[in-house]
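For reference, the structure is listed below as structure tokens.
Here is the naming used below: chain letters follow the sequence lines, and residue numbers restart at 1 for every chain.
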Amino acid sequence: MAETATVPSYRRAGGIGRVLERYPFLPALVIVVALLFLNGFFSPNSLSFRALTGLLSTYMALILLSIAQTYVVYAGDIDLSAGAILSLVNVAIVVLMERWGGGAGAVLLALAMGLLLGLVCGLVNGLVVAALRLQAIVATFATSIFFTGLALYILPVAGTPAPALFWRAYGGRFFGVPFVFYILAVLAILLAVLSRTRLVTQLLAVGDDPQAAYQTGLPVVATRVKGYVLCGLFSALAAFCITGDTASGDPLVGGKMTLYSVAAVVLGGSALSGGWGTVVGSLLGALTIALVNSVVFFMGTPSEWQNFVQGLAILLVLMAGVLAGRRGRS
Amino acid sequence: MSRINSFLRQPIVVALVLIVFLLYLGEALSPGFATGGQILRLLIVASLLGIIAAGQNVVILGGREGIDLSVGGVVSLSAIIAGNVMNGADGGILPAVGACLAAGAFFGLLNGLGVTLLRIPPLVMTLGMLGVLQGLLVVIRMGIPSGQAAPALSRFVTQPFAYGIPGIIWLWIMIGIVMALMLNRTVFGHRIYAIGSNEHAAYMAGVPVGIIRIALFVISGMFAAIAGLCLLGYSGTSFANVGEQYMLPSIIAVVFGGTSLAGGKGGYTGTMAGAVLLVILQSILTTINIEESGRQMVFGATLLLLMMFYGRGRAMRA
């Protein structure tokens, strides 16, 4: 028995297992394609270029937030404050853009400040969880209350509009191609580069077995802190997208998105226990949530039943994601 | 000296010392904060949180990253079921209790089955269930009005019941005693600790691990249902997503009570102190005259500060 346990898993796994090990996000991709097909079946119009662009610009924030969540989940941590960071950056950049006049320079400077704010929030989380060694779930819930307070201080009630320059650019086209596709392209390059960095490998190593990682000489605490910083930065990017989509500031906009970001990570086949996962899976997981909502709408579900059917469908795909992910690993 | 030191480091002692300190602080900030009637009001709110935390507590004790995020949804659902079944009539209380417990047990059972049979991580399973429950609440709300609490139920929760103390606080004390006996004196209780600290060893020793873990989620659902019922009595009528605000605080109360989120270590008596501590802290923040934003920042920072007193993880050693 002991002998078989040492055999690398891919040799034991069958064909499907081997493919899943190589492409862990495959189940999520299958689900996304199936949902696209269902969307087209119930409403051919929903697969039009225009409709898909709309879907993407609405859910780009969730996609980025799910990617943000993935980097902390890699290391076996969790960030329940990601949505609060999104809200905080959202109100901060909107207020700054307004204060600085709403010109192109003001917008860029405000975005830079937003990134810095996301970085600082992530650093706070990282220090609290990894350096002070508080339990991630409760500690990041506490910081989420703090960040929400800060967002309420900056903008007590929702409503300050973002400058037209900003949301027109986000919803607009350049050379005939919608802006969100440029975001998607840049994101793809960014993720590809990141996935080749030492940091991501270290995050996965820490998540797989912190003790072993420590004994190998990895700076475990620093790595986990960096994971949270990365999460803060991507949460800030998500805030840019939600600001482009809603064209205004709202101190509570991200509150509900945190748990969806966790769900998207699981849908993408990543293990919440850490050490195993892909950001592409999380992107597909966020798209799954978007498409489930859209299918339920186009199916003609009575409005009062929509939330229930969405909740049930997401629970079912969550379970499917976990089961498929396990198959890939076992 | 070292004996005193280890006594002072016990989570429940930490919580009690902090409670006394916060009561003094509250009294200093706004005279009248720590009077008898005011403390009873605090305890009513704490008992609502504490009853939910009882279920959360056993699920966490059972280990394997046990956690129940669906309690908020079950509390809301139970409040609305109770409101409709009793609809302002005392005669409807018993059927309402039965209906709420059945609903809580049902959703707890689904959670437990998903976690044990399909081996879905509890966080994922209960998170998905929360979404289902929230959707179900929308369906129910569109179809029927939210319903009214029976006068007797409202009296039980808000008015003195025996020896000048409201019934819900007596109920909470009873739950505390039953939980302490169950965890420390029964086979079931010992088995909870066993599967929480080492599931494999417990399985090898013949403990029916799966059945016990399912039971823990059922218990959690039922405690959340009881809390929803009491919450209806507290507010008179149920309103949208009334239970959601208790979801994460119920986990914090457990942590402040000294139960480790890793499972297998802790107890409910500490959780009760943790719930009181959390409610007093919130209450102090509402009495001092600052903006909502400042209140939230102070609350978040204080929670972090308090967590420093409790089960911090161990540093890495080679």
Contact summary for [X] and [Y], nearest pair of heavy atoms:
X: A:E304; Y: B:V139; result: O-CG2, 3.2 Å
X: B:L261; Y: A:Q135; result: N-NE2, 3.3 Å
X: A:L259; Y: B:M247; result: CD1-CE, 4.0 Å
X: A:V138; Y: B:M307; result: O-CE, 3.4 Å

Among A:G311, A:S144, A:A263, A:P302, which residue forms the greatest number of heavy-atom pairs with chain B at distances under 4.5 Å?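 With the most close heavy-atom pairs to chain B, the winner is A:G311.
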Flag the one option from A:L150, A:V262, A:I145 with the top tally of heavy-atom pairs under 4.5 Å to chain B.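 Of the candidates given, the most pairs with chain B belong to A:I145.
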When rounded to the nearest 0.5 angstrom, what is the spacing between [atom1] in [X] and [atom2] in [Y]?
X: A:I314; Y: B:L130; atom1: CD1; atom2: CG; value: 11.5 Å
X: A:L318; Y: B:L127; atom1: CG; atom2: CG; value: 6.5 Å
X: A:I137; Y: B:L123; atom1: CD1; atom2: CG; value: 5.5 Å
X: A:S273; Y: B:R64; atom1: OG; atom2: CZ; value: 11.5 Å

Checking side chain to side chain contact (heavy atoms under 4.5 Å, CB included) for the pair A:Y153/B:M297: CA distance, chi angles, key distance, verdict? CA-CA 9 Å; A:Y153 174 74; B:M297 282 190 265; 3.9 Å; yes
Chain B heavy atoms under 4.5 Å from [X]: which part of the residue, side chain, backbone, both or neither?
X: A:L272; answer: side chain
X: A:F141; answer: side chain
X: A:I78; answer: side chain
X: A:L316; answer: neither

Looking at chain A, which one of [options] has the largest number of heavy-atom pairs inside 4.5 Å, strictly under?
options: B:E291, B:M129, B:R119; value: B:R119
options: B:G128, B:G131, B:S293, B:G114; value: B:S293
options: B:T302, B:V124, B:L303; value: B:V124

Could you tell me which portion of [X] (side chain, backbone, both or neither) has an atom closer than 4.5 angstrom to a non-hydrogen atom of chain A?
X: B:V255; value: side chain
X: B:L137; value: neither
X: B:R295; value: neither
X: B:L133; value: neither
X: B:L118; value: both

Does a sphere of radius 6.0 Å around CD in B:Q282 hold more than 12 heavy atoms from other residues, nucleotides or ligands, not counting ones at 6.0 Å or beyond?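 Enclosed.
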B:Q245 atom CD: more than 12 heavy-atom contacts under 6.0 Å: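 Yes, enclosed.
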Test side chain to side chain contact (heavy atoms under 4.5 Å, CB included) on A:N307 and B:L136; report intermediate values, then the result. CA-CA 7 Å; A:N307 288 49; B:L136 199 59; over 6 Å; no
What verdict does the side chain to side chain contact (heavy atoms under 4.5 Å, CB included) test give for A:M319 and B:M125, after you've listed the backbone C-alpha separation in whole Å, the side-chain angles of each residue and the deciding distance to 0.1 Å? CA-CA 7 Å; A:M319 292 161 92; B:M125 186 66 208; 4.2 Å; yes
Side chain to side chain contact (heavy atoms under 4.5 Å, CB included) assessment of A:V128 paired with B:L304: CA-CA 8 Å; A:V128 162; B:L304 283 176; 3.6 Å; yes
